[in-house]
Number of protein chains: 2
Amino acid sequence: MKALQLQEIGKPLEYVDLSPPSETGIYVSVQVLAAGLNHRDLWIQQGQYAGIQTPIILGSDAMGIYKDKKVILNPSMNWTNQSLSPPKTFKILGLPNNGTFAESVLVPARNIFPKPGHLSTVEAAALPLAGLTAYRVLFSRCKLGKNSRVLITGIGGGVALMALQFALSYGNEVWVTSGSPQKIKKAVGLGAQGGVLYTDDDWDKQLLAKAGGGFDVIVDSAAGKGFKKLIKVANPGARVGLYGGTTGKIDGVIPQAVFWKQLTICGSTMGSTVEFRKMLSFVNKHQIVPVIDKVFTLKEGNKAFQRMKSGKQFGKIVLKIE
Amino acid sequence: MKALQLQEIGKPLEYVDLSPPSETGIYVSVQVLAAGLNHRDLWIQQGQYAGIQTPIILGSDAMGIYKDKKVILNPSMNWTNQSLSPPKTFKILGLPNNGTFAESVLVPARNIFPKPGHLSTVEAAALPLAGLTAYRVLFSRCKLGKNSRVLITGIGGGVALMALQFALSYGNEVWVTSGSPQKIKKAVGLGAQGGVLYTDDDWDKQLLAKAGGGFDVIVDSAAGKGFKKLIKVANPGARVGLYGGTTGKIDGVIPQAVFWKQLTICGSTMGSTVEFRKMLSFVNKHQIVPVIDKVFTLKEGNKAFQRMKSGKQFGKIVLKIE
């Protein structure tokens, strides 16, 4: 089978021909038709991840065929029951197990789910990891209800866009931040009320003025020095979901703001099988379609990684396997 | 009536004779027999609080007599229903309304509750604010269950001690930190497993070694530079309750630890009437007796404030009104 293999950390991926993996125990073979990229794949390729073993086929997301049926894969392995945190056996498809950037992939049969009928091959491949992460952080962790005011930072990323679509579908008012005016414009096109540039020093003041007040739920994957401003724009009782840390350590948070406003800061990543199932049912009910940035062939894998590295994408980058 | 009045910010309190307040609307007059001190009183006296108006009688805690019955007062005003955060009308007894450091105090009748039968006058006066704050942060916010491992920082303060007693009574293993070996010893005397000195740079490593692992619920009122170490000693799925910020801004928190461990940081202060009622019922059921540090007369009020300022207290400082 054709596969994209990381043979050495920091090096481009190799487009190689490997013998297909053999089914063993609860692991069954799924034919992959399309595979979504995630930041995780780029970070592993760049060596910014714990426990990397090479050679490895990366990729956590896939739409494919199993027993003649169109399926998608839950990338969250061994976290079956709802719980505060995953079990010690938890792992994510694509490391240490070989992932989806190949013509076939081995997964536990319980990680296979029917493809939502309203999604194309490429759209379905873009859903699993981002959809699961967005669902858990918004609903399980930040207890998002209806008619709330939501802020999503760094719009354009897969999880952020999914969170935007989920929050809108559930009847909320959503504002965004970005480093790019074009991305804010696109987010407004999807239903966001508006947004501000986080590159402006006073973005928090601009946002409070534009939005006419603060936010009940905030979803962030940047952390870093900007995080303290999220605390400023949080309404009393707000929940701040944190699912990434691209800009580093959190500094300068005023504790009095956290306790007087009774804020809750919720760390979150991935989710359980229970949450994956709920996410799928939500996506089906609200006919949500993931935003696709660009489609590459498996052979063009390194171009896809370049696209992700550029930070220019708005939506998911997907590899189509022909 | 005799009262301790703050006439000017930063100045000692004046022991004065005032005409007793007249009942008006829902406000009724309660005869005060003993009044507990809280850090809030000291901070107001020192001008470290928003919205201070002088002259003011400080004091949020009281045991007293109302309609010939022994009562205690809920210091949390207008936060009647359970909610994520208090309503805009929320205030704490003792600012802007005159408080309990006087022979009588005006409070809404709904803030009056029966004194727990097992508590003395002084013990009952030590309960309300610390008990309410500890109850909300531990149970409502950090969802403390049974058989969990709990860490309480800065043991010796009223809320910290109450949290220690509540967590122990509910069947948990509790560890503490302090700046004083004597206070750790006293906490062990109350049932804590052990503790470490937060003045040691490597207290987090010492604690993990001593306790043989991390913590499921952490309760802290210091914040500051030490907060990042709380994140380190938190178990996956842990809740970190924050009800104070005596050492300033939170710095250096690694976001990856927050989201990979699925941590929840819960800002909390005071509580609703619902929580006050639950706290009272918990205290009655488990026959919890607040730890008393020292009792002063109303006239000796400034000595009591000095004692609190020294940081040497272990338990509540109470003014007895004779």
What part of Lys228(A) gets closer than 4.5 Å to chain B, counting heavy atoms only: side chain, backbone, both or neither? neither
Student check: side-chain heavy atoms of Arg141(A) and Thr264(B) closer than 4.5 Å: yes
Interface check, chain A: of Asp251(B), Thr247(B), Val240(B), most non-hydrogen pairs under 4.5 Å belong to Asp251(B)
Give the minimum heavy-atom separation between Trp260(A) and Phe90(B), together with the two atoms involved. CZ3-CE2, 4.4 Å
State, yes or no, whether a side-chain contact exists between Pro86(B) and Gln262(A) at a heavy-atom distance under 4.5 Å. yes
For Ile254(A) versus Lys249(B), what's the shortest heavy-atom pair and its separation? CG1-CE, 4.0 Å
Contacting region of Leu242(B) [heavy-atom separation from chain A under 4.5 Å]: both
Greatest number of non-hydrogen atom pairs under 4.5 angstrom with chain A, of Thr269(B), Asn235(B), Val137(B), Val258(B), falls to Thr269(B)
Top of Ala238(B), Gly244(B), Ala223(B) for chain A proximity - count of heavy-atom pairs under 4.5 angstrom: Gly244(B)
So, for Pro255(A) and Gly245(B), which heavy atoms are closest and what is the spacing to 0.1 Å? CG-CA, 3.6 Å
Gap separating the CD1 atom of Ile250(B) from the CD1 atom of Ile265(A), nearest 0.5 angstrom: 6.5 Å
